[in-house]
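Report on the following structure.
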Amino acid sequence: MEVLWAKPDPVTAAEVCETVCDARGWSLPTVKTLLSRLVSKQAIAANPDGRRYLYSPLIARSDYVGGESRRLVERLFGGKPASLFAHLAQQEALTDKDLAEIEALLKELKQ
């Protein structure tokens, strides 16, 4: 999905593979399978272009991230975002800069 969101125009499976296959150890058939599943889930569109398909996202990245974030908090933290922050703080995964950014966001949300 990141590849599709990053490109202004629809892309082929081969173009997706050029971007991700080496880094992830994937092959072109793996990319095609993943793209097919995303089409089935109506997350992307596949439009024929001769003997190939051109793929483009049907959902915005922000909508996807929002939904996945909610599912993560629901599944792992009982629907309580504060529990996620507490977990990150306990695991020392938050830097002072992270904490300052979170504090600024909270102040902004309160206004």
Side-chain angles (χ1 to χ4, degrees):
M1 289 299 298
E2 291 292 342
V3 173
L4 299 180
W5 286 320
K7 305 283 184 175
D9 298 317
V11 296
T12 65
E15 290 170 321
V16 173
C17 190
E18 286 173 12
T19 305
V20 301
C21 284
D22 285 341
R24 295 182 184 240
W26 290 356
S27 64
L28 182 57
T30 301
V31 169
K32 287 182 177 181
T33 298
L34 178 60
L35 291 170
S36 175
R37 289 180 182 166
L38 290 170
V39 169
S40 296
K41 292 179 180 184
Q42 297 180 336
I44 65 173
N47 297 306
D49 182 48
R51 296 183 59 213
R52 64 186 186 169
Y53 283 91
L54 295 175
Y55 299 94
S56 57
L58 292 176
I59 58 174
R61 187 181 192 286
S62 60
D63 293 338
Y64 175 78
V65 169
E68 286 300 305
S69 299
R70 283 188 296 279
R71 282 188 282 281
L72 171 77
V73 170
E74 186 64 39
R75 190 174 61 245
L76 297 179
F77 299 98
K80 299 177 182 175
S83 296
L84 167 63
F85 286 108
H87 173 76
L88 292 172
Q90 289 169 353
Q91 299 300 314
E92 299 179 19
L94 297 175
T95 65
D96 288 340
K97 182 180 177 188
D98 293 330
L99 291 171
E101 288 178 10
I102 291 168
E103 287 174 356
L105 286 170
L106 290 173
K107 284 180 184 177
E108 188 177 308
L109 290 172
K110 284 183 179 182
Q111 295 177 356

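For reference, positions follow the sequence shown, starting with 1. Side chains included, hydrogens not; waters and symmetry mates left out as well; all remaining heavy atoms used.
A heavy-atom distance below 4.5 Å is found between the side chains of Leu35 and Val31. Within the 4.5 Å cutoff, side-chain heavy atoms of Phe77 are placed close to those of His87. Two residues are said to be in side-chain contact when any heavy atoms from C-beta on lie closer than 4.5 Å; Val11 and Thr19 fail this criterion.
Placement of Val16 and Leu54 in two distinct hydrophobic clusters is found when ILVMFWY residues are connected by side-chain heavy-atom separations under 4.5 Å, directly or transitively. Hydrophobic clustering of Ile, Leu, Val, Met, Phe, Trp and Tyr side chains at less than 4.5 Å, counting indirect connections, keeps Leu58 apart from Val3. No continuous path of ILVMFWY side-chain contacts below 4.5 Å connects Trp26 to Leu28, so the two sit in separate hydrophobic clusters. Note: the hydrophobic cluster containing Val73 does not contain Val65 (ILVMFWY, side chain heavy atoms under 4.5 Å, direct or indirect links). In the hydrophobic cluster analysis, where Ile, Leu, Val, Met, Phe, Trp and Tyr join through side-chain heavy atoms closer than 4.5 angstrom, Leu94 is grouped together with Leu106.
In this structure, CZ on Arg70 lies 12.0 Å from CG on Leu72, to the nearest 0.5 angstrom. To the nearest 0.5 angstrom, Lys41 atom NZ is 10.0 Å from Ile59 atom CD1. Note: Leu88 CG to Thr95 OG1 = 11.0 Å, rounded to the nearest 0.5 Å. Here Ser56 contributes atom OG and Trp5 contributes atom CH2; the two are 12.5 Å apart, rounded to the nearest 0.5 Å. In this structure, CD1 in Ile44 is found 7.5 Å from CG in Leu34, a value given to the nearest 0.5 Å. For the atom pair Lys32 NZ and Ser27 OG, the distance stands at 10.0 Å (nearest 0.5 Å).
Between Ala43 and Met1 the shortest heavy-atom distance is O-CE, 4.0 Å. Residues Ala46 and Tyr55 approach most closely at CB-CE2, 3.5 Å, considering heavy atoms.
Thr33 and Ser36 share no side-chain donor-acceptor pair at under 3.5 Å.
Glu74 and Arg71 are not joined by a salt bridge, as no carboxylate oxygen comes within less than 4.0 angstrom of a charged side-chain nitrogen.
Counting heavy-atom neighbours within 6.0 Å of Asp49 CG, excluding the residue itself, gives a total above 12. Annotation: Glu68, atom CD; neighbour count of heavy atoms from other residues, nucleotides and ligands within 6.0 Å is above 12.
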